[in-house]
Each structure stands twice: as structure tokens, then as C-alpha cells.
Amino acid sequence: MEQVQALLGRSNRLGADPRNTNYAGGNTSAKGSSTDPVTGRPVDLMWVKGSGGDLGTLKESGLAVLRLDRLHALVDVYPGVEREDEIVAAFDFCLHGRGGAAPSIDTAMHGLVDAPHVDHLHPDAGIAFATAADGEALTKACFGDRVAWVPWRRPGFQLGLDIAAIRRDHPEAIGVILGGHGITAWGASSEECEAHSLEIIQTAQRYLDEHGRAEPFGPVVHEPLPESERRVRAAALAPVIRGLASTDSPQVGHFTDSDVVLDFLSRQRHPELAALGTSCPDHFLRTKVRPLVLDLPPTAPLADVVTRLEQLHEAYREDYGSYYERHAGPDSPPMRGADPAIVLVPGVGMFSFGRDKQTARVAGEFYVNAVNVMRGAESVSRYAPIDEREKFRIEYWSLEEAKLQRMPKPKPLATRVALVTGGGSGIGRAVAERLAAEGACVVVADRNADSAREVAEGIGSADVAVPVTVDVTSADGILEAFQAAVLAFGGVDLVVNNAGLSISKPLAETTEADWDLQHDVMAKGSFLVSQRAAKVMRDQGMGGDIVYISSKNAVFAGPNNVAYGAAKADQAHQVRLLAAELGADGIRVNGINPDGVVRGSGIFAGGWGAQRAAVYGVPEDELGAFYAQRTLLKREVLPSHVAAAVFALTAGDLSLTTGLHVPVDAGVAAAFLR
């Protein structure tokens with residue numbers, strides 16, 4: 001329908017600009033008539049963004065469609081503000097047709113306001129007015145009678161009634177500032193409604209620009225570290241902070257060192273303002289009631305910073321527990337965890353955390369919104385967010401708890417961060433793709449930058465997979481790869497030593513360079529990768545998995561294969577040695593011994609296939625079938641079979657298994673482990 005398409009276009013335009021609203025924040029609606037398929041008569045409907053959707057990417061499937069007559073009838077049965085949550089369940093009985101999204105708590109705001117089109121948004125400029133100590137007076141000074149003020153009220157049916165009354169009693173108004181919350185605007189057409197929303201946002205921002213005082217956060221007391229030094233410090237701290245933030249449940253991390261964050265943390269007043277917490281419900285639901293703030297200068301020794309973070313984390317958990325106890329009632333949901341979602345490190349940046357990378361990233365984006373709000377409010381007034389009791393009522397709202405309970409069950413590798421060497425092709429590619437499909441965030445590490453990028457992009461966005469270019473024979477290169485990994489996802493939990501190559505020659509023809517190359521890549525490379533992985537995992541204190549893609553040749557002596565077989569035997573024994581050493585840290589080390597992985601294999605495509613085919617006297621294109629026929633199962637081994645073994649070792653069912661080598665060779669009796 002025309003009004004639906006206009007609504008979607010307006011929503012996408014508004015949602016695409018972070019100055020208008022934050023990710024998944026706000027909602028839009030349109031009212032119109034359709035034909036009731038049962039009676040054949042016209043029926044008045046409302047299309048409104050449903051619960052959990054994002055305006056910038058909203059599609060028709062993300063809309064809830066409700067009958068206005070039934071929605072308006074709820075006014076007569078509304079039980080009052082103390083029981084208004086009961087009304088949310090009644091929205092389901094106002095739906096028109098099947099499908100669509102679940103109605104959100106803001107449905108009443110849209111349905112009760114007597115205007116064909118309504119927008120509810122969370123712009124930084126609007127929330128700056130909403131959280132200013134004298135927000136009502138500022139709203140009057142900025143907008144006159146064109147925009148009204150609504151004192152703070154928790155989102156719900158009564159707030160919808162309040163706004164509807166303002167719309168009715170003040171026909172000159174184009175919208176409202178919602179105290180502590182955001183803005184709502186309306187219009188006779190979709191175009192007019194969008195124009196009114198933008199007018200409120202732009203007028204508020206212009207007022208702040210023209211009337212705001214300079215340096216509302218106070219003078220600079222600590223300059224940010226230079227970029228290169230800052231990133232090295234962030235990479236060193238990321239696993240430590242992630243481990244602390246994962247005390248109650250594992251988290252994925254995100255790092256931000258934008259100018260907004262660094263400037264805020266450089267200023268004198270950032271500790272006192274951060275302690276006030278955020279205000280807009282969308283903000284603190286994702287950032288928690290307040291962040292953890294490091295109180296050491298940027299140049300403090302790293303060891304001192306780690307010790308202080310541990311102390312502050314313990315205090316944060318105690319404080320959060322007290323916050324819960326102060327406000328929890330008999331019907332409150334259980335405390336969800338006492339770890340911070342936002343950790344601020346002056347001179348370095350912000351670390352944010354969530355159940356996945358997107359959630360962690362968005363939490364950081366919301367705190368940037370909060371900083372912008374503080375700046376605006378402090379520039380013209382005093383930042384005064386809603387009080388702690390109201391924040392608790394939102395955070396532990398039964399409706400919010402119900403939304404969390406409806407979320408799908410996490411995938412087996414959710415919250416885990418995997419780094420796969422040689423991930424740009426063959427077995428490495430299959431492993432990276434399988435781990436990502438099972439919920440892991442994946443770092444695709446490969447010497448070939450184009451191959452790593454292609455695999456990562458094929459897996460998904462940077463919230464799921466990132467490429468890094470690395471030569472595993474270089475300790476410096478491996479350090480940089482792990483630094484990139486922890487800055488991307490907060491840490492590393494699962495490392496797959498897969499990078500390799502092979503040169504098939506008789507002993508007499510194997511050169512010293514052949515020997516050194518294969519041992520540098522596989523024996524030395526695996527050692528260097530595992531050494532760095534163990535450092536990160538120990539810093540996290542969350543355990544971890546290291547998996548070696550070894551080979552049947554590690555235990556089976558074949559012809560013309562001395563350098564490759566010896567390097568693989570080295571890898572196989574590294575598994576045993578490291579399993580014995582790292583077990584006390586909860587780090588499990590296991591190996592996989594594939595054989596005959598011809599199709600899709602980077603090694604075989606690089607000349608190894610032709611060499612082995614010559615050794616066995618078969619055409620190269622029949623090598624896979626040849627290998628299959630010499631196995632007990634008569635089956636060809638594919639990269640996906642090796643990936644399945646990696647998943648089996650790391651997904652949790654074998655949580656007490658370490659030091660194991662798993663054959664993935666379709667059954668080669670001569671390679672049975674003894």
C-alpha cells in the first residue's frame with residue numbers, strides 16, 4: 001500500500017542518520033484504511049515499527065499492523081499506571097491479519113495520538129534537552145509553543161495518553177520533548193511528519209551550537225596517547241578487560257577510540273559525569289546503569305593499570321549488586337550479571353561488551369550517543385538523567401525480561417572468538433566458515449591478503465569475520481595479527497594452526513631450503529602462533545582451545561616425504577607438550593590428522609597433488625578417488641570433514657578432552673594411533 005511504502009521510506013531515511021536516532025531506537029507509524037477481508041468493509045489500521053527492529057533497515061515484515069478501533073477501545077479498560085503493563089498483552093488482540101512484528105511498548109503512543117503519521121526518535125540533540133536540569137524552560141526558549149514538554153514517564157500506555165492530550169490541547173504543536181527520553185513528532189502526511197521530526201532535531205542542535213558554552217566537560221587533563229602507542233596499549237588491555245567483563249557470562253568485545261571518546265576521557269569532569277550514568281532507556285539498557293572508569297593516567301605502567309582494573313572491577317560488581325538490592329522487589333527478575341558493559345580507559349579509548357559483536361559494537365555506539373547528550377545538556381544547563389530508581393524499573397522491567405526470554409537459543413560457539421591460520425583457502429577456509437556458522441566470531445588469517453578478505457567477506461560483515469594478513473614464520477607478524485584480533489573482538493578463545501605447505505621429494509633431492517621452509521611454516525609457525533595464543537588466553541582467564549591441523553603423515557612413514565612428514569610430527573608432539581603445559585590454565589590443545597584432502601585443498605592445488613600423483617602413478621584428477629580406495633571406509637575426505645572435527649573438539653561436548661589426535665582419513669590402518 002502507498003502509505004506503507006511511504007512509511008518505510010521515511011523510516012529508512014531517518015534511521016540511516018545517527019543524528020536522528022540510534023540503532024534499533026525509536027519507531028514510526030502511519031494510519032490509513034484498508035478493506036477487511038472478512039466483512040468487505042473499510043477498516044482503519046495503523047502500521048507501526050514492531051519490537052526490536054531498526055528504522056534504518058526496516059522492511060514491511062518489521063511492521064505491526066493493528067486495528068485502530070480496538071486499540072482505542074483499550075482506553076476504556078485501561079487499569080491505570082500501576083497496572084499498565086497488562087495492556088501490552090492486549091495489543092496482540094488488536095492485530096489485523098497474520099504475520100508482521102510483535103507490537104512494541106510504544107504502540108500506544110502512536111495509536112492514541114490523533115495524527116495520521118507519528119515519529120518517536122532518540123536524537124542526541126533532543127535528548128540533551130530532555131536530560132537538562134531545566135529542560136522544560138529550555139524547550140520553551142528554543143521552540144516556543146511549537147514543541148511541548150512532557151515530564152519523564154516510563155514508556156507505556158499512560159505516556160501515550162499524555163502525548164495524545166498535548167496533541168489535542170495544543171494544535172499548534174508539531175511534537176514534544178519527552179523528559180529523560182527523546183522526541184515525538186507528528187504530521188498530516190508522511191512528508192510533513194518527517195519534516196517536523198527533522199525540524200525539532202535541527203532546531204535543538206542549532207540552539208545548542210549557538211547558546212552552548214565551550215568545554216562543558218572542563219579542561220584537558222590528560223592528552224590521548226599517540227595513535228600507534230594507543231593501539232598497542234589497547235591490544236594489551238583488551239583480553240584482560242574482556243576477561244573481567246566475562247566474569248558472569250562470556251562476552252564479545254569492541255574497541256572504540258573515536259575523537260568523541262578520546263576527548264571526553266581527556267577532560268577533567270569525565271569521572272563525575274560518567275558516574276551519573278546514561279538516561280535514555282535505549283542507552284542504559286545496552287550500556288548498563290553506568291560504566292567502569294579507570295582512574296589512572298594514560299602513561300601509568302601496564303602492570304599498574306591491570307591491577308587497578310581488577311580492583312575497580314571488584315568494586316563495580318559490589319556496587320551493582322547493591323544497586324540491584326536497593327531497588328529489587330519480590331517480582332523483579334533475577335540479577336542478570338554484575339559486570340560492566342562499558343569500560344573507559346583515559347588516553348586509550350572505550351571497550352564495550354555484549355553477547356555478540358553487534359551487541360558489543362552497538363553498546364559502544366550508544367555510549368557515544370550518551371557522551372554527546374552530556375555535552376549538549378552541560379553546555380546549556382546541567383546534565384540530570386532520570387533517577388536510579390527509574391533506571392532500575394526500566395532495566396528490570398518484566399516486559400524487557402520477557403523480550404530477553406524470547407531471544408533464540410545461542411549457537412554452540414556463540415561468544416567465542418576464533419583465529420584460523422591459512423584461512424584463505426582449502427581446509428582453513430572450511431574451518432573458518434564452519435566456526436562462523438556455529439556462532440563464533442572469526443579472524444581469517446592468511447599470507448594472501450586477497451584470499452583472507454574474500455573468505456571473510458563471504459562469511460559476513462565485520463561483526464562476524466575479519467581478515468588479517470600474516471606470515472606465520474614472523475613473530476612480529478603474528479603479534480600484529482593477534483593485536484588486530486583482540487581489537488576486533490576483544491580477545492581470542494579458539495586458535496586453529498592450519499597454515500601449511502608441502503614439497504614432495506626423495507631424500508636425495510630435498511634441499512636444505514625445502515626442509516627449512518616446511519619447518520618454518522608448520523613447526524615454527526605453529527609454535528609462534530600457540531605461544532601468542534596462550535598469552536592472550538591467559539590474560540583473559542577464560543580458558544581456550546588450540547587445535548593443530550596436523551596430518552596422517554605425522555605418524556605414518558611414506559616415501560618421498562621426509563621434510564613434510566617430519567614437520568607434521570613436530571606439530572603432533574607440540575599438541576602433547578602444550579596440552580600438558582596449558583591444562584592448568586583451562587586451555588585445551590588437540591590435533592587433527594587428515595589425509596587425502598584433495599578437492600578444495602590449497603596444498604594440493606599448489607603442486608603437491610601433481611607430485612603425489614606421480615609418486616603413486618595415477619592421473620592428478622583421480623588422486624582423490626585413489627586415496628579414497630585405499631581407506632577402510634572407501635570415502636573421499638573433504639575440507640568440510642576436517643572442519644567438522646574442529647567443531648566437535650571445540651563446541652563443548654568434549655570439554656574434558658585434551659592432548660588428543662583425531663584421525664580424519666576415512667580409515668588408514670597404518671596410521672592408527674598406538
Side-chain angles (χ1 to χ4, degrees), residues 124-125 127-135 138 180 205 207-227 229-231 233-234 237 241 255-280 283-284 287-302 304-313 315-316 319-320 340-352 363-388 391:
D124 294 347
I127 306 175
F129 276 68
T131 57
D134 52 351
L138 286 170
Q205 186 61 60
Y207 186 93
L208 296 174
D209 293 341
E210 293 173 356
H211 296 83
R213 59 189 173 90
E215 299 189 350
F217 296 152
V220 171
V221 291
H222 294 299
E223 290 285 355
L225 295 173
E227 182 177 8
E229 186 178 344
R230 186 169 72 239
R231 306 290 283 192
R233 174 63 66 101
L237 290 175
I241 296 174
F255 174 68
T256 306
D257 60 349
S258 64
D259 291 343
V260 171
V261 170
L262 292 174
D263 178 74
F264 177 62
L265 296 179
S266 73
R267 301 286 176 167
Q268 183 184 59
R269 298 187 60 215
H270 81 263
E272 66 172 281
L273 292 169
L276 294 175
T278 54
S279 184
C280 175
H283 290 184
F284 62 76
T287 65
K288 276 199 163 170
V289 65
R290 60 181 59 87
L292 185 156
V293 184
L294 178 67
D295 54 3
L296 292 179
T299 54
L302 183 62
D304 292 351
V305 171
V306 171
T307 298
R308 185 57 180 153
L309 283 169
E310 291 170 347
Q311 296 168 347
L312 290 169
H313 176 252
Y316 185 98
D319 182 66
Y320 189 86
I342 303 291
V343 177
L344 302 176
V345 180
V348 176
M350 171 176 60
F351 300 84
S352 54
E365 291 172 0
F366 273 64
Y367 199 79
V368 169
N369 291 132
V371 171
N372 291 333
V373 166
M374 293 179 206
R375 178 184 294 106
E378 284 288 327
S379 72
V380 293
S381 177
R382 176 175 59 83
Y383 176 61
I386 62 175
D387 66 34
E388 185 181 270
K391 291 179 181 179

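- When all heavy atoms are compared, the tightest approach of A377 to T131 is CB-OG1, 3.9 Å.
- Atom OH in Y367 sits 8.0 Å away from atom CD1 in I342 (nearest 0.5 Å).
- Scanning for side-chain contact (heavy atoms from CB on, under 4.5 Å) contacts around E227 gives R230, R231, with sequence neighbours left out.
- Taking each heavy atom of A363 and T287 in turn, the nearest pair found is O-CG2, 3.6 Å.
- Rounding to the nearest 0.5 angstrom, the gap separating the NE2 atom in H313 from the CD1 atom in I241 is 10.5 Å.
- With sequence neighbours left out, R233 forms a salt bridge (Lys or Arg N to Asp or Glu O under 4.0 Å) with no residue at all.
- Of all heavy-atom pairs between V293 and L312, the closest is O-CD1, 3.6 Å.
- Y320 meets the ring pair (Phe, Tyr, Trp, His ring centres under 6.0 Å) test with Y323; sequence neighbours excluded.
- Here A133 pairs with S381, R382, A384 under the side-chain contact (heavy atoms from CB on, under 4.5 Å) rule; sequence neighbours left out.
- With sequence neighbours left out, R375 forms a salt bridge (Lys or Arg N to Asp or Glu O under 4.0 Å) with D263.
- Across every non-hydrogen atom of A274 and L344, the tightest pair is CB-CD1, 4.4 Å.
- In plain terms, the two heavy atoms of L262 and D257 that are nearest each other are CD1-O, 3.3 Å.
- The minimum heavy-atom distance between G349 and F255, with the atom names listed, is CA-CE1, 3.9 Å.
- The closest donor-acceptor contact from the side chain of T307 to the backbone of D304 lies at 3.5 Å or more, if one exists at all.
- In this structure, the side chains of L273 and L276 come closer than 4.5 Å at one or more pairs of heavy atoms.
- A search for salt bridge (Lys or Arg N to Asp or Glu O under 4.0 Å) contacts involving E378 returns R213, R269, not counting sequence neighbours.
- D387 meets the side-chain hydrogen bond (donor to acceptor under 3.5 Å, both in side chains) test with no other residue; sequence neighbours excluded.
- Taken from CE in M374 to CZ in F264, the straight-line distance is 5.0 Å, to the nearest 0.5 Å.
- By the side-chain hydrogen bond (donor to acceptor under 3.5 Å, both in side chains) test, D295 pairs with R308, sequence neighbours left out.
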Show me the side-chain donor-acceptor pairs of residues 215-225 shorter than 3.5 Å, one per line, residues at least two apart or across chains.
residue: E215; atom: OE2; partner: R267; partner atom: NH1; Å: 3.4

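- A 4.5 Å side-chain heavy-atom check between L294 and P346 finds at least one atom pair inside the cut-off.
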Next item on the list: Starting from the C-alpha separation in whole Å, work towards a yes-or-no answer on side-chain contact (heavy atoms from CB on, under 4.5 Å) for F129 and L208.
Entry: CA-CA 9 Å; F129 276 68; L208 296 174; 3.9 Å; yes
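- Side chain of Y316 to main chain of R290: a donor-acceptor pair is present (N/O by atom type, distance under 3.5 Å, no hydrogens or angles).
- D124 pairs by the side-chain hydrogen bond (donor to acceptor under 3.5 Å, both in side chains) definition with N369, N372, not counting sequence neighbours.
- Two residues are said to be in side-chain contact when any heavy atoms from C-beta on lie closer than 4.5 Å; M350 and L265 fail this criterion.
- Taking the ring pair (Phe, Tyr, Trp, His ring centres under 6.0 Å) definition, one finds that F366 meets it with H283, sequence neighbours left out.
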Note to self: Apply side-chain contact (heavy atoms from CB on, under 4.5 Å) to residues T278 and V373 and explain how you reach the verdict.
What the structure shows: CA-CA 9 Å; T278 54; V373 166; over 6 Å; no
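- By the side-chain hydrogen bond (donor to acceptor under 3.5 Å, both in side chains) test, S352 is found to be paired with no residue, residues two or more places apart in sequence or in another chain being considered.
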